[in-house]
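Presented below is the structure to which this report refers.
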Amino acid sequence: MSGDGNKAAELKLDTLNQYYEIPLEIESEYDAFEQAVLKLGEECTEYMEFEEKYTAMGLDKQYIDLSMKCKLKPQDKMSVKDTLGAVKDGYKETVKDKKGRKAWGKEILESAASMAQTEAESEIIAKSKEKRIKAGVDDDFSRAHNAADAAGNIAKRLFGRKK
């Protein structure tokens, strides 16, 4: 792979792979997303061109949908210095002009907001689960949730998905 479009594609996929565990149930959905991102990366020569087409194709929304279906991987906390160093290195790699710097800044803000939202949701889910365990209803909740998932999987197998 070469070119800024490919680097941008790799960055999107690496972020998803580094921070999320892809469940088996959505592996085919992830594979389709990955192929679309890689194809777009091959077609684009500039980072900004990739970002504009990525958004126009709705891949940004697919990314969010996928990440919401995945479980966060446990992460070691990075120091502020390491985080800033990583951002600086990535910035040097992908940004060459003023328009690119502005888009990159927007991307960083959106990523930070998304991370904050994910962390807040994870905390809320953990607290909710803790309350259910204390109340003695977690087992019933888990059984009902698993039964609903199983019913959904059976329905998918019976009726199939058109590709």
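In the model, Tyr19 has no side-chain atom that pairs as donor or acceptor with a side-chain atom of Asp14 under 3.5 Å.
Of the possible polar contacts, one joining the Thr15 side chain to the Leu11 backbone as a donor-acceptor pair under 3.5 Å is found. Judged by distance alone, the side chain of Glu123 and the main-chain N or O of Glu119 form no donor-acceptor pair under 3.5 Å. Judged by distance alone, the side chain of Thr55 and the main-chain N or O of Glu51 form a donor-acceptor pair under 3.5 Å. Distance alone, capped at 3.5 Å, is enough to place a donor-acceptor pair between the Ser67 side chain and the Ile64 backbone.
When all heavy atoms of Tyr63 and Leu16 are compared, the closest pair comes out as OH-N, 3.7 Å. Residues Glu43 and Glu49 come closest through the heavy atom pair O-OE2, 4.1 Å. When all heavy atoms are compared, the tightest approach of Ala9 to Gly41 is CB-CA, 4.0 Å. Nearest heavy-atom pair across Glu34 and Leu13 is CG-CD1, 3.7 Å. Smallest separation of non-hydrogen atoms from Tyr47 and Ala8: CD1-CB, 3.5 Å.
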Q. Could you walk me through whether Glu121 and Ile124 pass the side-chain contact (heavy atoms from CB on, under 4.5 Å) check?
A. CA-CA 5 Å; Glu121 288 170 352; Ile124 290 168; 5.5 Å; no

**Q.** Ile26 and Phe33: CA distance, side-chain angles, deciding distance, side-chain contact (heavy atoms from CB on, under 4.5 Å) verdict
**A.** CA-CA 11 Å; Ile26 65 164; Phe33 172 77; over 6 Å; no

Q.
Go through it in stages, so that I can follow the logic: the residues are Lys69 and Glu29, the test is salt bridge (Lys or Arg N to Asp or Glu O under 4.0 Å), and I'd like the CA-CA distance, side-chain angles, deciding distance and then a yes or no.
A. CA-CA 11 Å; Lys69 295 176 184 176; Glu29 187 179 346; 3.0 Å; yes

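Looking only at side-chain heavy atoms (C-beta outward), Leu59 and Leu40 come within less than 4.5 Å of each other. Tyr30 is listed as a side-chain neighbour of Leu66, based on a closest heavy-atom distance under 4.5 Å. For the pair Cys44 and Lys53, the minimum side-chain heavy-atom distance is below 4.5 Å.
Relative to the ring axis of Tyr54, Lys12 places its NZ or CZ within 45° and under 6.0 Å from the centre.
Separating the CG atom in Asp65 from the SG atom in Cys70 is a distance of 10.5 Å, to the nearest 0.5 Å.
Both Met57 and Leu38 belong to a single network of hydrophobic side chains, linked directly or stepwise wherever heavy atoms of I, L, V, M, F, W or Y lie under 4.5 Å apart.
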